[in-house]
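Right, one structure below, let's go through it.
Labels below follow one simple rule: chain letters A, B, ... track the order of the sequence lines, proteins then strands, and each chain is numbered from 1.
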Number of protein chains: 2
Amino acid sequence: MSPIPIYEKIYNDILDKIATKVLEPGDRIPSETELASQYGVSRMTVRQALDQLRTQHAVVKRRGSGTFVALSYGRSRRLNKLQAFRFEADLENANVRTDIKFQGRLDPPSAVADRLGLKPGQDAIRVQRVRIVEGRPAAIQDSWLPCSMVPQLAQVDLIDSSLYRTLTELCRIRLSWAEQEISASAATAEQAEWLMIKPGSPLIATTRITYQDSATPIEYSHGWSRPEFPLIVRLDA
Amino acid sequence: MSPIPIYEKIYNDILDKIATKVLEPGDRIPSETELASQYGVSRMTVRQALDQLRTQHAVVKRRGSGTFVALSYGRSRRLNKLQAFRFEADLENANVRTDIKFQGRLDPPSAVADRLGLKPGQDAIRVQRVRIVEGRPAAIQDSWLPCSMVPQLAQVDLIDSSLYRTLTELCRIRLSWAEQEISASAATAEQAEWLMIKPGSPLIATTRITYQDSATPIEYSHGWSRPEFPLIVRLDA
DNA sequence: GAGTGGTCTAGACCACATG
DNA sequence: ATGTGGTCTAGACCACTCA
């Protein structure tokens, strides 16, 4: 069997057609039977591709009527995908710079060791960054990772200053899921200085644990963003 | 064919077994082949049930090894489900009271009319509430709804003070999905008074549009919560 | 009535994990 | 070597929508 499943190919083909505007929001896509004969596969295989598209809200199915490109596709999947970890992902056309405040190996505080499941004596790597959008400081990101899993991270230059890209591309680590807590806080003196705002100003405060697989934490991080950079979440019934 | 699909029954059966601790986190559930013969159905039907469970993170599949009850099931699906709209949903054992500050029919400001897709002259209903948890004010919720869709809402008593329950149970409206923007803000004088905090204190600020179906808005709302009541989001690869 | 998606069958071969 | 889940087939009948 070919290395990539057929339904994956069908899925990608349709996603491409949406991205390149061959299929536009509201358009009907070929019926399941039609796609099956086009690709020379059985209908169940086509359905597998369409199910995947539906889960991601790329298409909407209407029984008796057809399958349609979702109206809102392209917007509104900001935070539900792990991809959103890349700070840049939501700011595609923006000019993003990064100021690395600290990067190195440390004995982690106990709160960090707990979240990462580290035993006493095991080191962690801390990466502390300020993200700058269009010349203005926008967010502070403070990440901790188990040293044993990514030893090289203590010295290496981050690809594009992106921890996400460095982990996936350089360290070959597959990020799987994350739990993120979102709150608000008043800027401390240091945060205020880094973000060029007044101490006490409200900030979006996030805490995140990212997992490699169902239960192995790979990153524990805190973030503080200026309110002009809100998070967007899509909720489903 | 029976009114409810077979895979739905299998799905519910397994979910029940998890809820009643017959199956505990980490346990292996019967193999697909085994379930197929137990229920007297084909394997594809069983897979449909299991896929549904996996999408909801109730189970984890491991190729060559089996299907297992997820370790974290029960926690961590807080904000991803529309059900989370019920303010109480995340505070199950907490004592929640509600102070209704305003409930009635109004000519909506243009920002509200825009989001709800109202034409000039069409009224809206505003419901402004303060949620009180364990005797302490926790959040302000300010909702706007199209009067034409829920005219009775102007006078009726909210079921349990829950807009979510009133809409679904009394108005028979099926909420479908929502887009929520999360930011932070400093408490105004009025907000500070209602929440019994100091003016200028940081608050979690949310803006939400809830839809009845793929594109019909039914609610536009703002919320301000004290930071002690963070939101939790699960992100997937 | 013709076409669509929803459900379901009874098989098959494969890649992978574990003993 | 055995058993698991991953992929796939070539059909089938049903419920629904729309012309």
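Side chain of Ser65(B), nearest nucleotide from dG11(C), dT4(C), dA17(C): dA17(C). Comparing dT4(D), dC13(D), dA10(D) by their nearest atom to the side chain of Arg28(B) picks out dT4(D). When the nucleotides dT9(C), dT4(C), dA12(C) are ranked by their closest atom to the side chain of Val41(B), dT9(C) comes out on top. Listed nucleotides dA10(D), dG6(D), dT4(C) differ in distance to Glu34(A); the shortest reach to its side chain belongs to dT4(C). Checking dA10(D), dT9(C), dC13(D) against every side-chain atom of Thr45(B), the shortest atom distance belongs to dT9(C). Comparing dG6(D), dA10(D), dT7(D) by their nearest atom to the side chain of Lys61(B) picks out dG6(D). For Glu32(B), taking side-chain heavy atoms from C-beta onward, the closest of the listed nucleotides dG11(D), dC8(D), dG6(D) is dG6(D).
The CH2 atom of Trp144(A) lies 14.5 Å from the CD1 atom of Ile209(A); values are rounded to the nearest 0.5 Å. The line from CD of Glu219(B) to OG of Ser143(B) is 4.0 Å long, rounded to the nearest 0.5 Å.
At a threshold of 4.0 Å, the pair Arg47(B)-Glu32(B) counts as salt-bridged, since one of the basic side-chain nitrogens sits closer than that to a carboxylate oxygen. Between Asp13(A) and Lys9(A) there is a salt bridge, with a side-chain nitrogen of the basic residue lying less than 4.0 Å from a carboxylate oxygen of the acidic one.
The shortest distance between the side-chain N/O atoms of Tyr7(B) and the OP1/OP2 oxygens of dT7(C) is below 4.0 Å. At the phosphate of dA10(C), neither OP1 nor OP2 sits under 4.0 Å from any side-chain N or O atom of Arg43(B). In terms of phosphate contacts, Thr67(A) brings a side-chain nitrogen or oxygen within less than 4.0 Å of OP1 or OP2 of dG5(C).
Map Gly64(B) and Pro30(A) each onto its nearest nucleotide of DNA chain C; the residue landing nearer the 5' end is Pro30(A). Annotation: of the two residues near DNA chain D, Arg63(A) and Ser31(B), the 5′-most nearest-nucleotide partner is Ser31(B).
Among the protein residues, Arg62(B) comes within range of the sugar-phosphate backbone only, with heavy atoms under 4.0 Å from sugar or phosphate atoms but none that close to a base.
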